[in-house]
Amino acid sequence: MVTFLAGGTGTPKLLDGAARVWDPVETAVVANTGDDVELGGHLVCPDVDTVLFAGGGVLDRETWWGIADDTTATHEELRRLADAAELGSGPRYLGDEAQTAGRDIARWRRFSGVGEFMEIGDRDRAVHVTRTSLLDEGRTLTEAVGSLADAFDLEVDLLPMSDDPVATLIHTEAGETIHFQEYWVARRADPAVADVEFRGAADAEPTAAVEEALADPVVIGPSNPVTSVGPMLALPGVEAALSATPVVAVSPFVGEEVFSGPAADLMAGVGRDPSTAGVADAYPFADAFVLDEDDPTDLPDRHVERTDTRIDDADDAERVSRACERALAAVGGGEAGS
Ligand code: FO1
Ligand code: CA
């Protein structure tokens, strides 16, 4: 058995080749839910859904979110209605504390559907309607995602990190507090980041299924350590569980160069070195690292495997997966060379 921690695009790209190395039926994928938003009444779980759609063979691989060739008729009509009625544009937070049973957390991820600031495809929306309806019927998020995984014929066990809400909030240098999706989608990662907060994480729990999965050897793909992996590490008990099991992490950096995305700005924003060395500091529990062959970083107290870590296709993902497998074998997490 092996468990991946997934968020953003880094680990999902690695998973494309992981099935050639580890039996997908014996693979668990714990997905970040700090990016989740309730938008127009529907719970959108971007990092869960990237794994869901990739595993189901329907992911839009240009963007690494949403469903390939999806239509956007409903989204366009939502925009048209807002324009026509001059309702304005951009994210609109819903702050009704009465609906949140005194918990401040939910409203930080709850947005009006007016003008729909994120583009939700028509088929993608069907997933959000189904998920939200299952929650409304009393299922947990883990159960709802399990049903969606059945619908997409997923082989891996896809586990949201928690059934409790956690909201990744960006504190900007300008003094604002905004949800990650406002920072990323509406502001195009433009505001300078002063700090990142995982609101609700201290009161949230990893699920029993996640706790069980974290007893197996763990692979952290080249996901962004701050907003993709950080929310999982902020849950009570997760770092302790990772300290007690073999863990290999793939650096999303080559030295100080990041492959893609906002990882460097976010690392700097939370006071970490935007580099492989900074990732190693963020993952003190990681026994091993897979680093790019051109990465000059020396990690004397960890086992290091080197390969070309750029992942553009399934063959690249298989190569990096094999390096992870060798690294895990070296630190007591299974056999190499299968
Ligand atoms: N990213 C964008 O840049 N623009 C969008 O309009 C957008 C919509 C969207 C809808 C559903 C979904 O699951 C993801 C979506 N994303 C969009 C991606 C998302 O903002 C981030 O890439 C992830 O949260 C980071 O992991
Ligand atoms: Ca460990």
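In listed order, ligands and their atoms are each counted from 1.
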query: Are D313 and R61 ion-paired here, with the side-chain N under 4.0 Å from a carboxylate O?
result: no
Should we count CD of E137 as having more than 12 external heavy atoms under 6.0 Å?
yes
Ion pair check, R80 and E76, cut-off under 4.0 Å:
no
Could you check ligand 1 for N or O atoms lying under 3.5 Å from protein N or O atoms and list the pairs with distances?
| residue | atom | partner | partner atom | Å |
| --- | --- | --- | --- | --- |
| ligand 1 | 1 (N) | W65 | NE1 | 3.3 |
| ligand 1 | 3 (O) | R188 | NH2 | 3.2 |
| ligand 1 | 6 (O) | E119 | N | 2.9 |
| ligand 1 | 20 (O) | Q181 | OE1 | 2.6 |
| ligand 1 | 22 (O) | W184 | NE1 | 3.2 |
| ligand 1 | 24 (O) | D35 | OD2 | 2.6 |
| ligand 1 | 24 (O) | Q181 | NE2 | 2.8 |
| ligand 1 | 26 (O) | D35 | OD2 | 3.1 |
| ligand 1 | 26 (O) | D47 | OD1 | 2.5 |

Passes side chain to side chain contact (heavy atoms under 4.5 Å, CB included), V248 versus H303? Steps please. CA-CA 9 Å; V248 59; H303 178 84; over 6 Å; no
Item to check | R187 NZ/CZ over W184 ring centroid, <6.0 Å and within 45° of normal | outcome: no
Answer with yes or no whether the side chains of D163 and T207 bring together a donor and an acceptor at under 3.5 Å.
no
